[in-house]
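Since the structure comes first, as structure tokens, the remarks are kept for the end.
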Amino acid sequence: MLLGLVGVARTLFLLQAVQSSVTGTISGADDSRPLSYAVVALADLDRAVSTDSSGHYRFADVPPGPQHLTIRCLGFAPRVLHVMVPSEGPLQVDVALRPVPLPLPPLDVRAALSLRGLEPGDSTPPPDRGVSLAAVRNDPMLSEPDGLLGLNGGEVAALPESPSGISLRGAPSDQTGYLLDGVPVFSPYHSAGTFSAWNPDALERLQVSSSSPSLDFPEALSGTVSAFTRTPGSALRAQGGMSTSQLRLAVDGPLGTGGAGYLVSYRTGFPALLAPHESSYLGGEISDLILKSQVPVFGGYLHLLWYQGDNSIGGIGSPSPASAGGPIREQFEWGSRSIGAGWVRPVSGGTLRIQSWSARSDAEAVWPAAVPLDLAAGRHDEGVQAEMERSGGSSHTTWGIRLERSH
């Protein structure tokens, strides 16, 4: 029995002796530096190991015969070796890998935007970005489409519950300028800021500019919000909507057959329509009107724009005005009116633009006779501007002259 146990032991020893191992070191071909975490694989056996901090690897219990040894490491060219594993003992295979640059696909990093539907080609970081009205209508954060509120997010802060307007890059809102087709507008909000005074059905897109001073509104220190009305089409189009706060309609179409067109937009609000007629409730009257026409003249287009917005807030059950024999009712009124005319013509390598405007804003507050309060404020600007834009290669140049008078 003892001889049988000795025979089994000799057999097991011989079987162990025929098992071989594959070992070695992986290093860089340029500086002989050991490469850690290189992947070494015996492809035929479906076995793989990683090199340690000294670049060493080892496969134990490898059957004898031909094997394929594959070595890969990030930043180095891979290698495949055909090795013959001996019937017994270790096989040492040291490999030097040639370094090669690793091409990576470009990675576009963009700030997260709060709007769905933004144009995919818009890669400019906020706030110097634009938004189309299609994106505004697709914004899940807005109960109704609103151009100015659709810009909210990132470095653009809109405060819809107050008449303070839009803040750019944290600056006060009174340092933000507003342009409608290049014409200044001084009161772009309705009803204490619950929504903007620009009918969204009349707009095509909006653009925020704050990284550099605006040539069209140089006194706006923090930046400018520019709105562009939609271009009249070749057929009659109408778009509008009605909600519990407003009724709006915009119509555009051609004027004749020579390329002329027009746009008419009107909106009115009725926040006090369903409110009880008691002095504890506030009533308001709001409206805005946009009239636009474009006519081909002298190789370009002549654009005419009229904008007017009116607002009034007061107690619903308050007495008649003093002119009717009663005490003065509490009331706050403000309005804005902008008129502009511009001529635009494309020239060789650029665009020639001439524009004039008149913009006015008025505000007034009156209160009951028991409180001696009567405030009024107004602003009136007039100006003309001529500029030339040229683009070529990687440069863009704008020069011109601007004359403006402010009351």
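Keep in mind that the numbers below use all heavy atoms, side chains included, and drop hydrogens, waters and symmetry copies.
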- For side-chain contact (heavy atoms from CB on, under 4.5 Å), just list the numbers for L206 and L203, CA-CA rounded to whole Å, side-chain angles, deciding distance to a tenth of an Å, and then say yes or no. CA-CA 8 Å; L206 294 96; L203 301 183; 4.3 Å; yes
- Step by step, would you call F76 with I26 a side-chain contact (heavy atoms from CB on, under 4.5 Å)? CA-CA 11 Å; F76 295 84; I26 308 301; over 6 Å; no
- Item | Derivation and outcome, side-chain contact (heavy atoms from CB on, under 4.5 Å), residues F59 and V40 | CA-CA 9 Å; F59 292 97; V40 184; 3.8 Å; yes
- Item | Criterion side-chain contact (heavy atoms from CB on, under 4.5 Å) on S338 and W357, from CA distance to verdict | CA-CA 7 Å; S338 297; W357 68 88; over 6 Å; no
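When every heavy atom of V62 is checked against every heavy atom of L42, the shortest pair comes out as CG2-CD1, 4.1 Å. Counting all heavy atoms, side chain and backbone alike, P172 lies closest to S222 at O-OG, 4.4 Å. Considering all non-hydrogen atoms of both residues, P90 and P86 come closest at O-CG, 4.5 Å. The two atoms that bring S50 and V39 nearest to each other are OG-CG2, 4.5 Å, heavy atoms only. Across all their heavy atoms, C73 and A38 have their closest contact at CB-CB, 3.9 Å. Here the closest heavy-atom approach between residue N311 and residue Y189 is recorded as OD1-O, 3.9 Å.
H380 pairs by the ring-ring contact (aromatic ring centres under 6.0 Å, His included) definition with H407, not counting sequence neighbours. By the salt bridge (Lys or Arg N to Asp or Glu O under 4.0 Å) test, R79 pairs with no residue at all, sequence neighbours left out. Y57 meets the ring-ring contact (aromatic ring centres under 6.0 Å, His included) test with no other residue; sequence neighbours excluded.
At a threshold of 4.5 Å between non-hydrogen side-chain atoms, the residues P66 and H82 do not count as touching. No side-chain heavy atom of P200 sits less than 4.5 Å from a side-chain heavy atom of V136. Side-chain contact check for E155 versus S210: every heavy-atom pair is 4.5 Å or farther apart. Side-chain contact between W334 and S361: absent, with no pair of heavy atoms (C-beta onward) separated by less than 4.5 Å. Using a 4.5 Å heavy-atom cutoff, the side chains of I71 and L97 are in contact. When side chains are defined from C-beta on, V225 does not count as touching V156, because their heavy atoms never get closer than 4.5 Å. Side chains of P63 and L45 form a contact here, defined as non-hydrogen atoms less than 4.5 Å apart.
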Report, one line per pair, each donor and acceptor closer than 3.5 Å where one atom sits in a side chain of residues 293-307; sequence neighbours left out.
{"from": "Y307", "atom 1": "OH", "to": "A197", "atom 2": "O", "distance (Å)": "3.1"}

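A donor-acceptor contact shorter than 3.5 Å is absent between the side chain of S167 and the backbone of G170. No side-chain donor-acceptor contact under 3.5 Å links S312 to the backbone of E285. Although no hydrogens or angles enter the test, the distance criterion places a donor-acceptor pair under 3.5 Å between the side chain of Q355 and the main chain of D181. Checked by atom type and distance alone, the side chain of S20 pairs as donor or acceptor with a backbone atom of E88 at under 3.5 Å. In terms of modelled atom types and a separation under 3.5 Å, the side chain of D310 and the main chain of S287 share no donor-acceptor contact. In this structure, T176 contributes its side chain and I166 its backbone to a donor-acceptor pair below 3.5 Å. Not one N or O on the side chain of D381 forms a donor-acceptor pair closer than 3.5 Å with the backbone of A359.
To the nearest 0.5 angstrom, T25 atom OG1 is 5.0 Å from D94 atom CG. With rounding to the nearest 0.5 Å, the separation of CD in Q92 from NE2 in H56 is 8.0 Å. Between R337 atom CZ and F186 atom CZ the span is 12.0 Å, to the nearest 0.5 Å. Going from atom OH of Y178 over to atom OG of S196 covers 10.0 Å, rounded to the nearest 0.5 Å. Note that the CE atom of M388 and the CD1 atom of I401 stand 16.0 Å from one another [nearest 0.5 Å]. With rounding to the nearest 0.5 Å, the separation of CZ in R345 from CZ in R353 is 14.5 Å.
Paired with S265 under the rule side chain to side chain donor-acceptor pair (under 3.5 Å), one option of N199, D288, T229, D252 passes, and it is N199.
Residues in residues 197-213 take part in these salt bridge (charged side-chain N to carboxylate O under 4.0 Å, His left out) pairs, two or more places apart or across chains: R137-D201, D201-R248. Judged as a salt bridge (charged side-chain N to carboxylate O under 4.0 Å, His left out), the pairs with a partner in residues 32-58 (not counting sequence neighbours) are, in order, D31-R33.
Around the CZ atom of R237, the shell of radius 6.0 Å holds more than 12 heavy atoms that belong to other residues, nucleotides or ligands. With a 6.0 Å radius and a threshold of 12 heavy atoms from other residues, nucleotides or ligands, L74 has its CG atom at or below the threshold.
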